*Asks:* 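Dropping a structure here in structure tokens format, bear with me for questions.
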Number of protein chains: 2
Amino acid sequence: MVLPTKIEEARRVYIESLTETMAMYGLSPSMGRLYGTMFFHEDPMTLDEMMDLTGMSKTSMSTGVRALSSLKLVHKKWLKGVRKDLYEAEHDQVRSFVEFFCVMWDKEIELNARAISRTEDDLRKLLDEADITPEETTMIYNDLERLTKAKLYYAWLKELVKTFESGKIFEHVPVPKQEQVED
Amino acid sequence: MVLPTKIEEARRVYIESLTETMAMYGLSPSMGRLYGTMFFHEDPMTLDEMMDLTGMSKTSMSTGVRALSSLKLVHKKWLKGVRKDLYEAEHDQVRSFVEFFCVMWDKEIELNARAISRTEDDLRKLLDEADITPEETTMIYNDLERLTKAKLYYAWLKELVKTFESGKIFEHVPVPKQEQVED
DNA sequence: CAGTATGTACAGTTTATATTGTACGGTTTT
DNA sequence: AAAACCGTACAATATAAACTGTACATACTG
């Protein structure tokens with residue numbers, strides 16, 4: 001039984017690449033390695049198995065797998081007779097992608113909508129102040145216009161999320177079939 | 001002239017929010033603050049102006065603005081008679097969004113396509129080894145199948161990028177008009 | 001009900017990243 | 001041609017994030 005190591009080594013190349021990709025989107029290395037490991041693992045995994053295979057601490061596995069869960073890259077699986085929590089990587093990567101970005105974009109929308117409102121309010125209040133100069137007034141109007149434009153962006157993004165979440169995006173960008181992809 | 005400070009304070013709320021958003025996608029705080037500052041700034045900015053307004057070092061401005069440039073969130077602007085480099089934030093945020101993600105997704109595709117090929121090759125070679133067990137063989141076939149599925153994902157992603165870059169996405173998810181957005 | 005197993009909070013440590021300051025090469029100005 | 005200016009490389013530092021180990025709460029087992 002010397003091969004498993006070699007298989008793992010082959011896997012490692014892609015796992016590292018996945019890790020780097022996920023780092024691009026702000027996910028930690030441990031999450032990347034964990035996800036990659038789960039990607040190749042046949043059965044749902046326990047925290048202890050993850051610990052063994054990644055060589056990392058149980059705490060990292062616990063927090064990592066929960067984070068991956070909330071991003072919909074991984075999900076809990078229940079198997080009767082098994083007491084430990086089991087997790088497996090989402091099989092459908094396109095779906096994972098879609099959900100991941102919808103989560104991110106939703107966060108973005110919510111976070112910034114709030115901030116825009118506050119900034120707008122503050123700016124409008126300034127317009128009422130007595131000692132405001134004409135330059136400052138135009139400055140404020142410019143800012144408000146910019147924010148109004150920004151809101152259009154967030155409105156669009158909201159629509160985009162809807163298109164992704166509803167699966168409508170696949171009408172316009174269908175998932176290719178095996179045969180349609182040359183190596 | 002007491003107000004400018006107050007205007008800046010109002011702006012700061014949204015700038016911080018933008019910074020947080022960009023942090024979500026793996027961009028550094030300084031890049032976030034810089035972009036936010038440029039978002040509100042009327043004219044194209046020099047590195048020195050950025051330094052003043054953000055209160056950060058010139059080095060940060062230099063590296064930051066170049067990084068933002070390569071992500072298409074900011075672009076150089078040339079004005080005759082001005083010796084210093086000038087930069088301004090991309091006005092069209094939807095466009096920025098689209099280009100940003102296309103850059104990211106392209107990186108992802110290229111990075112992983114390479115890795116998948118290598119992993120596939122390594123796994124196929126293992127199939128030829130003499131001392132391979134049946135279990136290991138099925139293991140390898142499982143892995144190869146997973147990778148084949150993964151390639152479908154990247155093929156889809158490539159199509160998605162095309163749809164975004166070509167602007168075709170706006171046929172399906174149009175940018176709303178002012179009137180269509182209630183606060 | 002004691003004893004064991006499981007997952008997580010939390011503080012501490014390590015590691016990586018972000019940011020700065022100085023120095024330098026290339027350009028323009030005088 | 002000297003002087004001033006501008007942007008960036010690079011090393012040093014400050015800051016933040018990732019990661020680990022221990023300890024604990026909860027749930028299960030006998």
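In what follows, every chain begins at residue 1, and chains take the letters A, B, ... in the order their sequences are listed. Since the structure is predicted, the reported quantities are computational estimates derived from the model, not experimental observations.
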*Asks:* Check every atom of C/dT6, D/dA18, C/dT20 against the side chain of A/Pro29 and return the nucleotide holding the closest atom.
*Replies:* D/dA18

*Asks:* Has B/Ser62 got a side-chain N or O lying under 4.0 Å from the OP1 or OP2 atom of D/dT8?
*Replies:* yes

*Asks:* Heavy-atom nearest nucleotide on DNA chain C for A/Lys84 versus A/Thr59: which residue maps closer to 5'?
*Replies:* A/Lys84

*Asks:* Counting side-chain heavy atoms from C-beta on, which of C/dA18, D/dG7, C/dT29 comes nearest to B/Arg83?
*Replies:* C/dT29

*Asks:* Rounded to whole angstrom units, what separation is found between the CG atom of A/Leu34 and the P atom of D/dT20?
*Replies:* 12 Å

*Asks:* Expressed as a whole number of angstroms, how long is the span from A/Glu20:CD to C/dA16:C1'?
*Replies:* 15 Å

*Asks:* Of the nucleotides D/dC19, C/dT20, D/dC6, which one has an atom closest to the side chain of B/Ser60?
*Replies:* C/dT20

*Asks:* B/Leu27 CG to C/dT19 P: how many Å, rounded?
*Replies:* 11 Å

*Asks:* Do you see a donor-acceptor pair shorter than 3.5 Å between the side chains of B/Thr59 and B/Ser57?
*Replies:* no

*Asks:* Roughly, in whole Å, what's the span from CG in B/Leu47 to P in C/dT19?
*Replies:* 16 Å

*Asks:* Should the pair A/Phe97 and B/Trp156 be assigned to parallel (<30°), tilted (30 to 60°) or perpendicular (>60°) ring geometry?
*Replies:* perpendicular

*Asks:* Atom NZ of B/Lys58 and atom P of D/dA9: how far apart are they, to the nearest Å?
*Replies:* 14 Å

*Asks:* Determine, for A/Arg118 against A/Asp121, whether the closest basic-nitrogen to carboxylate-oxygen distance falls under 4.0 angstrom.
*Replies:* no

*Asks:* Grab the OH-C1' distance between A/Tyr87 and C/dT8 for me, whole Å please.
*Replies:* 11 Å

*Asks:* I need the minimum non-hydrogen distance between A/Lys6 and B/Glu129, along with the two atoms involved.
*Replies:* NZ-OE1, 3.2 Å

*Asks:* Closest approach to the side chain of A/Arg66, judged atom by atom: which nucleotide of D/dC19, C/dA9, D/dT8 is it?
*Replies:* C/dA9

*Asks:* Just how far, in rounded Å, is P of D/dC6 from CE of B/Met50?
*Replies:* 13 Å

*Asks:* Closest nucleotide of DNA chain D for B/Leu86 versus for A/Met31: which of these residues is on the 5' side?
*Replies:* B/Leu86

*Asks:* By nearest atom, which of the nucleotides D/dG7, C/dT8, D/dA18 is closest to the B/Asp85 side chain?
*Replies:* D/dG7

*Asks:* Is A/Thr138 reaching over with its side chain to a backbone N or O of A/Glu135, donor-acceptor style, under 3.5 angstrom?
*Replies:* yes

*Asks:* Round to the nearest Å and state the distance from B/Asp48 atom CG to D/dG7 atom P.
*Replies:* 7 Å

